[in-house]
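In what follows, a single structure is set out as structure tokens and then discussed.
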Amino acid sequence: MLGVDEDGRLHVAPGGALKGEIEIEGDKSVAHRALILASLAEGRSRILNMPEGDDVARTLRALQDLGVAIERTDGAVVVEGRGLRGLREPEGPIQCGESGTTARLLAGLASGFEFVTILMGLPGLRRRPMGRVAEPLRRMGARLYGAGGGERLPLCVVGGRLRAIHFDPPVPSAQVKSAVLLAGLSARGTTVVRERRPTRDHTENLLAFMGARIRRSGAATAVTGGGKLRACELLLPGDLSSAAFLIAAVGLLPGSRVTVRGVLLNEHRLAFVRLLQRAGAVVDRMQAGVGCGETMGDLTARPGALQPFRIGAREVPGLIDELPLAAVVAVRAKGRSVISGAKELRVKEADRVRTMAAGLAAMGARIREKPDGWEIHGGKPLHGAEVDARGDHRSAMALAVAALSARGETVISNPGIGKSFPRFVERMNGLIA
Ligand code: S3P
């Protein structure tokens, strides 16, 4: 069972398999994009299955600050789109909280408007790099001024008439790519982003779904400025990165079997499902439909004898949010696993390489921190411990999954789970047989 104490620490007591069927709240990445593009559409959009986490709430509030009428009604979020040129200057700074997606996507969006937008962040987000998004936007003609020599929040965006660019992102990042594509919507000409390593493509899918002038060929995506976005009904598929915690726990706990219904099955997000299969768990996938330009369906997971594995830089972008969980699977698989090429984990909500190495080692795992990942000798039994997630939601939930397969209780401080999956505890407990 899982529980939260009055200091907000997460307690995990092992025991029991996970069983049942579950539907999960909408995907966080898709939700940010649905809110932004619905705000730029002509007319009223309804978004269904909106997740309740803090990050998406920041984007919703930011768009309201930019003059968009958005209302949460029973079961739907209704967005009164203002058209591609209809946002208005916010009256004060926009608070992005701890949401990197909000800050980076909004930097791109605001760049195309001839007014001043100030993007603020809470302490964790203020430490994260923003130069990667500021640089291409400056090339498009926007002026961006940030703390730390333009590298950090607060960021002041002075938008204007943009010109299209050709952009080869030096760091694989869906947030940076999306910022450039959003700016491209209001630029003169055709903006092209060419990715060396593909990242999640929800912005592209939703732009196409809503009628933007977008073309994709191989690694390149081209957006031509102008045109119109169609308001629509957008059903958000369940969050695959949240579902990952449930199916990973199923993979580790003998006798478990869980089906997650209506979850996102986008090819660029399925790498963790494939990794679990490669490691020996059974995960069956059934495609069931399409929601806002994204494939969705059901996943059924069962445990299997786990094998060690290797992950290198090429696989990292597709697994970026699931790497803490991959470390947990490696800790439970007998033998040597190596996860490398994952330096990006050091600039997420916390330094995830360090946080997971410290947490899993405290639970008895043989794990060595490397500059860009971990080396793990799996198969040692885990025991309960006091660990610190350092405010990182994904490390907290990954450590909770490890704790479910340990002996004795684990206490996780600074879990920060409200960011993406506020119902994690309730959902997990609902599945414990
Ligand atoms: C996201 C992209 C990824 C991911 C984050 C959400 C997105 O970040 O880690 O949780 O919605 O675009 P990067 O673009 O920095 O890799």
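Read the numbers this way: they start at 1 and go in the same order the structure lists the ligands and their atoms. The figures that follow rest on heavy atoms only: side chains count, while hydrogens, waters and symmetry mates do not.
- Each of the following atoms of ligand 1 lies closer than 4.0 Å to a heavy atom of K348: 3 (C), 4 (C), 8 (O), 9 (O), 13 (P), 15 (O), 16 (O).
- Across P317, S241, S173, heavy-atom proximity to atom 14 (O) of ligand 1 is greatest for S173.
- Donor-acceptor pairing under 3.5 Å is lacking for the side chains of R132 and S173.
- Of the heavy atoms in R200, only side-chain atoms (C-beta onward) come closer than 4.0 Å to ligand 1.
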Please tabulate, for the side chains in residues 97-108, all donor-acceptor contacts under 3.5 angstrom to protein atoms that are two or more places apart in sequence or on a different chain.
unit_1: E98; atom_1: OE1; unit_2: G124; atom_2: N; d: 3.4
unit_1: E98; atom_1: OE1; unit_2: L125; atom_2: N; d: 2.7
unit_1: E98; atom_1: OE2; unit_2: G124; atom_2: N; d: 3.1
unit_1: S99; atom_1: OG; unit_2: T102; atom_2: N; d: 3.1
unit_1: S99; atom_1: OG; unit_2: T102; atom_2: OG1; d: 2.6
unit_1: T101; atom_1: OG1; unit_2: Q175; atom_2: NE2; d: 2.8
unit_1: T102; atom_1: OG1; unit_2: D55; atom_2: O; d: 3.4
unit_1: T102; atom_1: OG1; unit_2: T59; atom_2: OG1; d: 2.7
unit_1: R104; atom_1: NE; unit_2: P129; atom_2: O; d: 3.3
unit_1: R104; atom_1: NH1; unit_2: Q175; atom_2: OE1; d: 2.4
unit_1: R104; atom_1: NH2; unit_2: P129; atom_2: O; d: 2.8

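- The atoms of ligand 1 that sit less than 4.0 Å from any heavy atom of I320 are 9 (O).
- Taking every non-hydrogen atom of S29 and a distance limit under 4.0 Å, the qualifying atoms of ligand 1 come out as 1 (C), 6 (C), 7 (C), 11 (O).
- Judged by distance alone, the side chains of K177 and T203 never bring a donor and an acceptor atom under 3.5 Å apart.
- Residue T101 approaches ligand 1 through these ligand atoms, each under 4.0 Å from one of its heavy atoms: 6 (C), 11 (O).
- In this structure, the salt bridge (Lys or Arg N to Asp or Glu O under 4.0 Å) partners of R9, at least two apart in sequence or on a different chain, are D5.
- In terms of N/O distances under 3.5 Å, ligand 1 is not approached by E344.
- Residues R82 and S39 bring no donor and acceptor atom of their side chains to less than 3.5 Å of each other.
- Heavy-atom proximity to D321, at under 4.0 Å, picks out these atoms of ligand 1: 4 (C), 5 (C), 9 (O), 10 (O).
- Considering each of K177, K28, R33, K419, the one bringing a non-hydrogen atom nearest atom 12 (O) of ligand 1 is R33.
- Ranking protein heavy atoms by distance to atom 1 (C) of ligand 1, first place goes to Q175 NE2, 3.5 Å.
- Annotation: cation-pi pair R85/F113 present, NZ/CZ under 6.0 Å from the ring centroid and within 45° of its normal.
- Here the side chains of R427 and F421 are in contact, with some heavy-atom distance below 4.5 Å.
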